[in-house]
Amino acid sequence: MSRPHDRRTRRRVVASVLGLLLAAGSTACTRGGDPAAEASADASTGAGGRASGSPSVPVPRSVPLRVEVTHVAGELPVADRRRVASRVARTISAYVDAAFLEGRYPRSDFTASFGAFTPGGAGQARADVPLLTNQPLGASTRAVQATRRTAYLSVLAPKGKVAGATAAVDLVFRVDRGSRPGRRVHLKGRLLLTRDRTGRWAIFGYDLNRSATPVGEAS
Amino acid sequence: MTRWPSARRLLVLGALLALVAVVLPPSAVRQSDIALVRVRTGQAVDHPKTVVWVLCLGSDARPGETVTATRADAIQLVGLNLQTGAGTMMGIPRDSYVDIAGHGRDKINASLYYGGPQLMADSVGRLVGVRPDYVFTTGFLGFRAMVGAIGGVTVDSRFAFSDAVRPQGYRVGKNKLNPFQALIFGRVRHPLPNGDFDRSGNQQELLRSILRNVRTHQSQPGFMERGVLAAMKNMDTDLSPAQLFRLAQAVTAVEPGKLKGCVVGGSTGYAGAASVVFPDVAQARRIGDDARRDAKLDRGC
């Protein structure tokens with residue numbers, strides 16, 4: 001049986017722990033801005049200028065997109081690998097530019113971001129706009145800069161003819177929101193590509209995950 | 001409710017305090033060492049069809065024989081709903097005695113020999129009332145090569161039985177199988193209580209385990225491309241490589257847990273001297289009607 005003094009001491013310790021945990025909770029919820037901002041960003045503003053509120057805000061340069069063929073199932077000469085990488089890069093760039101980097105911010109309409117997709121793929125992508133574009137932050141965004149852009153390709157090339165490819169993408173964007181805390185958006189996963197009737201590479205599927213953290217933190 | 005001795009409770013409190021002291025930032029300006037981040041995920045694959053019906057055939061062709069000009073040893077009609085992730089497998093006993101267009105009554109597996117994949121699709125379609133969109137046919141060696149390309153499979157067996165290819169035997173529950181053992185798992189029928197019907201169920205478990213394996217490894221660079229290439233080399237299909245690649249990627253949307261199986265029942269007997277199965281046509285049609293539109297079995301087998 002414990003003594004009253006022990007019980008008082010224990011209660012104090014418990015109170016301290018609870019206090020610390022509550023403090024930790026409030027710190028986690030307030031430090032670094034608003035974790036809910038991405039999910040709840042209001043897409044109410046129309047097309048403004050790129051950093052329209054203050055045209056003098058410098059827009060940092062994005063790193064270039066690096067695309068490499070790393071796996072080939074079948075046969076594909078080195079020159080053809082380079083050609084595939086270059087053409088797929090065009091398609092991925094078109095998507096990333098339209099969904100994140102280009103457009104006049106603050107921006108609310110991202111539905112036209114999927115020109116690099118197959119028609120059916122674009123339809124599916126429009127149901128996943130918050131995952132695939134900067135839409136959750138668009139209304140409060142001043143400018144977006146890509147700080148990491150890589151795509152490693154696994155190519156299916158039976159008998160030397162390219163039939164499809166999977167791009168393992170790793171994309172990191174720094175989203176400048178003016179006076180509000182900036183966000184680091186990380187999009188990682190797979191883009192599935194094939195060529196359409198005209199020979200153009202198009203995205204027909206995706207398997208991606210996305211996180212957004214305050215600038216300065218890793219996700 | 002378990003009551004902890006007070007010394008232990010104090011120890012736990014102390015440990016908690018120590019943990020809090022370590023992980024909490026001492027001041028407001030310090031970046032936190034821990035973070036809880038919401039992650040959005042999404043997956044979609046564009047395919048011209050929402051529901052795809054695939055007739056999967058295991059041919060009994062021996063080396064040197066054409067897989068599409070022999071008899072079908074395994075017959076599974078698989079419906080996949082690429083939108084909902086549900087699926088239905090209908091196993092058809094190979095000895096099912098049915099009408100074969102232009103050839104009278106015979107075992108359904110003879111359709112492949114008489115008229116190739118088209119006639120086989122026709123015979124299965126007549127029996128269950130669902131026309132397959134694709135017919136994939138593979139032989140013993142092709143099946144082993146494909147299973148090898150994905151690193152073997154793990155099946156959940158309903159029965160224990162022995163076979164020389166697996167010294168430890170097949171046990172009830174999980175069995176990790178190499179390609180040859182997987183082939184035998186889908187072929188044996190004598191040790192199984194209901195022979196051909198249970199074998200058909202085992203073939204469905206093999207298909208489910210292949211899907212499970214593919215889904216587990218699909219993010220591994222080059223895995224899907226290697227798998228599709230192996231399938232192209234070892235399967236008879238008239239799909240272009242690009243179409244096959246898209247179909248393979250789309251099929252991974254189906255969840256193994258939502259892939260249900262039924263085996264068309266029937267009674268065994270003789271047609272002349274041949275041992276045959278008289279299929280339960282009413283059951284086959286009922287399953288077909290249930291799953292035709294959405295590849296989902298609402299009313300069970």
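Naming: A, B, ... by sequence-line order, numbering from 1 per chain.
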S.K.: Do any of residues 148-172 of chain A have a heavy atom less than 4.5 Å from a heavy atom of chain B, and if so, which, in residue order?
M.R.: S154(A), V155(A), L156(A), P158(A), A163(A), G164(A), A165(A), T166(A)
S.K.: Would you indicate whether the side-chain heavy atoms of S219(B) and R190(A) approach each other to under 4.5 Å?
M.R.: yes
S.K.: Ignoring hydrogens, what is the shortest heavy-atom contact between L229(B) and G74(A)? Give both atom names and the distance.
M.R.: CD2-N, 3.4 Å
S.K.: Only heavy atoms, only distances under 4.5 angstrom. Which residues in residues 233-242 of chain B are near chain A?
M.R.: P241(B), A242(B)
S.K.: Measure the spacing between OG1 of T118(A) and NE2 of H47(B) and express it to the nearest 0.5 Å.
M.R.: 11.5 Å
S.K.: So do the side chains of H71(A) and Q220(B) get within less than 4.5 Å of each other, counting heavy atoms only?
M.R.: no
S.K.: Do you know which of G222(B), G42(B), A250(B) has the most heavy-atom pairs with chain A at a distance under 4.5 angstrom?
M.R.: G42(B)
S.K.: Measuring from atom CZ of R40(B) to atom CG of L131(A), what distance do you get when rounded to the nearest 0.5 angstrom?
M.R.: 7.5 Å
S.K.: Are there residues of residues 195-205 of chain A whose heavy atoms fall under 4.5 Å of chain B's heavy atoms? If so, which?
M.R.: F204(A), G205(A)
S.K.: Any chance you could measure T41(B), atom OG1, to D128(A), atom CG, to the nearest 0.5 Å?
M.R.: 8.5 Å
S.K.: Quick one: what part of Q243(B) sits under 4.5 Å from any heavy atom of chain A, side chain, backbone, both or neither?
M.R.: neither
S.K.: Please collect all side chain to side chain donor-acceptor pair (under 3.5 Å) contacts where either partner lies in residues 51-67 of chain B, sequence neighbours excluded, each pair once.
M.R.: S59(B)-T70(B)
S.K.: For L193(A), is it the side chain, the backbone, both, or neither that has a heavy atom closer than 4.5 Å to a heavy atom of chain B?
M.R.: backbone
S.K.: Could you have a look at Q218(B), M232(B), R226(B), M224(B) and say which one has the most heavy-atom pairs with chain A under 4.5 angstrom?
M.R.: Q218(B)
S.K.: How far does CD of Q43(B) sit from CD of Q124(A), to the nearest 0.5 angstrom?
M.R.: 10.5 Å
S.K.: Assess whether side-chain contact (heavy atoms from CB on, under 4.5 Å) is satisfied between T194(A) and R246(B), documenting all intermediate values.
M.R.: CA-CA 8 Å; T194(A) 189; R246(B) 279 180 79 162; 4.0 Å; yes
